[in-house]
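Some notes on the structure that comes next.
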Amino acid sequence: MSDLILTPNINDADGFYAGLLAAHDGLDKAESDALNARLVLVLANHVGDNSILTQALQAAALTDR
Amino acid sequence: MNKIFDVPLYAFDRSPDQDAVTPVRHKVILIGAGPVGLAAAIDLAQQGVEVVVLDENDKVSFGSRAICFSQRTLDIANRLGCGQPLLDKGVRWDRGKVFFDNRQVYDFNLQPDEGVANPAFINLQQYYLEQVLVERVQALQAEGAPIEIRGRNKVGAIGTHDDHVRLEVETPEGPYTVEADWLIACDGANSSARKMLGIDFEGRIFEDNFLIADVIMEADFPSERWFWFDPPFNRGQSALLHKQPDNVWRIDLQLGWDIDKEREKRPENVIPRLKAMLGEDVEFQLEWVSIYTFQCRRMEDFRRGRVLFAGDSAHQVSPFGARGANSGLQDIDNLGWKLKLVIDGKAPDSLLDSYNVERVQGADENIQCSSRSTDFITPKSQMSRLLRDAVLDLSEHYEFARPLVNSGRLSEPCTYDGSSLNSADALNGPTQTRPGSVCPDAPMGDAFLLPMLAGKYTLLTIDADAPDMLVEDGIEVTRLALSVKDDPSMALKNRYLGKADGAVYLIRPDQYVAARRDSYEENAFRQAIRRASGKE
Ligand SMILES: Cc1cc2nc3c(=O)[nH]c(=O)nc-3n(C[C@H](O)[C@H](O)[C@H](O)COP(=O)(O)OP(=O)(O)OC[C@H]3O[C@@H](n4cnc5c(N)ncnc54)[C@H](O)[C@@H]3O)c2cc1C
């Protein structure tokens with residue numbers, strides 16, 4: 001079983017973040033929520049591995065910090 | 001014209017039991033002549049076990065109810081001697097379309113498995129299935145099999161004893177008492193047997209209502225399964241259109257929770273809804289309209305001493321996924337041979353506990369699948385709706401999202417991993433045929449494998465040696481010797497050997513794998529037979 005990467009892993013962190021914000025530009029709350037939901041699904045499919053996805057769900061919940 | 005469900009099929013006929021001075025004792029009594037009770041009766045009678053079926057009614061199911069029957073159901077029906085009429089009458093389908101809002105998001109083709117006798121599914125009204133089963137009962141009677149259906153015999157009380165069960169039965173000509181060594185309660189979701197024995201039936205109620213309408217129309221819709229999420233003609237809800245034989249179409253419209261059921265059922269309210277869906281100028285007639293709310297729940301134990309529960313009386317699921325009647329028939333498939341062995345004294349009474357364990361596992365799997373479908377179809381929170389809609393939007397553009405769309409995962413047989421009847425896997429073979437799995441079919445020249453494995457313990461050898469017959473503590477096991485050369489399509493090899501050169505399988509009478517090894521080893525197989533009959 002491989003581990004979820006929780007150390008810095010994005011080449012251009014600032015660039016990605018700006019892109020994420022830009023994707024939401026001009027969208028209202030409902031459209032933005034829908035975009036986020038689609039993004040989660042697209043990324044989840046790319047990851048594919050269920051054990052990684054389970055770890056990601058736990059990491060995002062911020063419960064066992 | 002009278003519909004088949006309007007005609008008494010097993011009218012009341014006074015039984016000599018009603019005039020007996022002391023109650024007559026039968027081997028097995030079944031309550032309920034629904035699909036599950038009828039199938040159980042046929043299974044037992046075919047094995048020579050005397051059975052009496054009591055039903056408070058005298059006709060087949062009113063209205064279509066179940067319409068979608070799975071490959072496993074057809075395989076079981078073959079074993080019960082009535083698969084062909086179901087295939088002849090049923091509508092085959094393998095295509096479907098999914099719509100979201102006002103557009104089609106994708107279509108699919110359930111590629112049928114190659115090299116299997118039966119299609120993945122057929123659509124057939126439940127009343128036709130029941131009619132075929134009743135005709136099979138009548139054919140068995142004509143052959144002198146010990147099987148009887150008593151119409152308008154309502155069970156009013158049940159007394160349980162260590163070695164028998166006593167029933168009080170109400171008939172148009174007054175009550176009588178009758179006894180049985182074993183009782184199988186197949187009396188449906190509102191099981192009175194369950195209530196009479198004071199057994200709980202807890203689970204999750206889904207707060208929703210569905211309008212089902214079976215309409216007769218000469219329409220040129222193809223025989224596909226069409227499913228709508230949030231369509232313009234039924235905003236915020238779902239809809240389903242599916243074809244049945246005789247130009248009958250099943251329409252299923254989600255209505256939501258706060259509705260007036262009686263009002264919604266009236267034709268003057270149903271017809272405009274259907275017109276909005278089908279188009280103003282499509283001509284149709286209503287065959288049957290009903291509104292249902294569903295629950296997902298099961299009994300804690302499917303066995304209480306000499307009373308066994310099967311079908312909807314033991315478990316209930318949402319209709320998405322066609323798991324109700326299909327899983328009930330799997331209960332019967334699991335129970336029939338076990339009860340026969342126990343009645344014949346060839347297996348301990350505890351073999352019947354494995355019926356409970358295995359079918360509870362099956363019920364839990366079905367409840368989980370159908371609850372998940374329901375949660376997708378009717379999202380329970382704002383966020384689940386948001387995610388659901390995201391899946392649907394993506395599915396229009398990208399193939400990856402389509403497996404996430406869940407409008408019902410159609411019934412598949414349960415694999416009994418961990419069952420005490422299984423022996424440890426001793427073959428480096430395909431996971432599909434590990435112990436606890438139902439045997440997949442394979443072509444054998446003009447015939448198929450599954451019928452060769454039906455109704456008895458079999459030692460299936462594929463390019464391996466073994467004796468032709470093995471008897472272990474009263475249980476006879478006969479060998480079926482095959483070779484991968486028997487099947488040029490290689491289905492037999494791919495499904496049963498994988499990388500192995502040969503294999504020996506011990507197969508249960510319900511066509512489930514009990515044990516497998518790369519070669520025959522007498523002690524190991526004797527032990528496996530003992531395990532597979534509840535003796536270890
Ligand atoms: C709208 C709808 C769609 C469905 N679609 C599907 C589908 O596509 N595929 C699928 O597999 N399933 C489907 N189902 C479920 C399916 O109809 C049931 O699972 C199936 O009928 C259960 O069969 P049963 O024999 O256990 O019970 P039932 O069919 O309910 O039969 C019970 C019998 O017991 C008798 N009885 C009850 N009490 C007594 C008594 N005290 N004494 C004597 N007799 C008694 C009744 O008269 C009845 O004949 C659907 C159900 C509905 C409502």
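Residue numbers begin at 1 in each chain, while the letters A, B, ... track the order of the sequences. Fair warning: this is a prediction, and the values are worked out from it, not measured in the lab.
Note that the CG atom of A/N45 and the CG atom of B/L404 stand 7.5 Å from one another [nearest 0.5 Å]. Rounding to the nearest 0.5 Å gives a distance of 9.0 Å between CG of B/L386 and CZ of A/R38. Rounding to the nearest 0.5 Å places CZ of B/R385 at 14.5 Å from CG of A/D33.
Atom CD of B/E412 has 12 or fewer heavy atoms from other residues, nucleotides or ligands within 6.0 Å. Heavy-atom contacts from other residues, nucleotides or ligands closer than 6.0 Å to CD1 of A/I5 number 12 or fewer. In B/E300, the CD atom is not crowded: 12 or fewer heavy atoms of neighbouring residues, nucleotides or ligands sit closer than 6.0 Å. Within a 6.0 Å sphere centred on CG of B/N428, heavy atoms belonging to other residues, nucleotides or ligands number 12 at most. The local environment of CG in B/N102 is crowded, with over 12 non-hydrogen atoms from other residues, nucleotides or ligands closer than 6.0 Å.
Side-chain contact check for A/V42 versus B/F400: some heavy-atom pair is nearer than 4.5 Å.
The heavy-atom pair separating A/A37 from B/L387 by the smallest distance is CB-CD2, 3.9 Å.
No part of B/D389 comes within reach of chain A, as not one of its non-hydrogen atoms sits under 4.5 angstrom from that chain.
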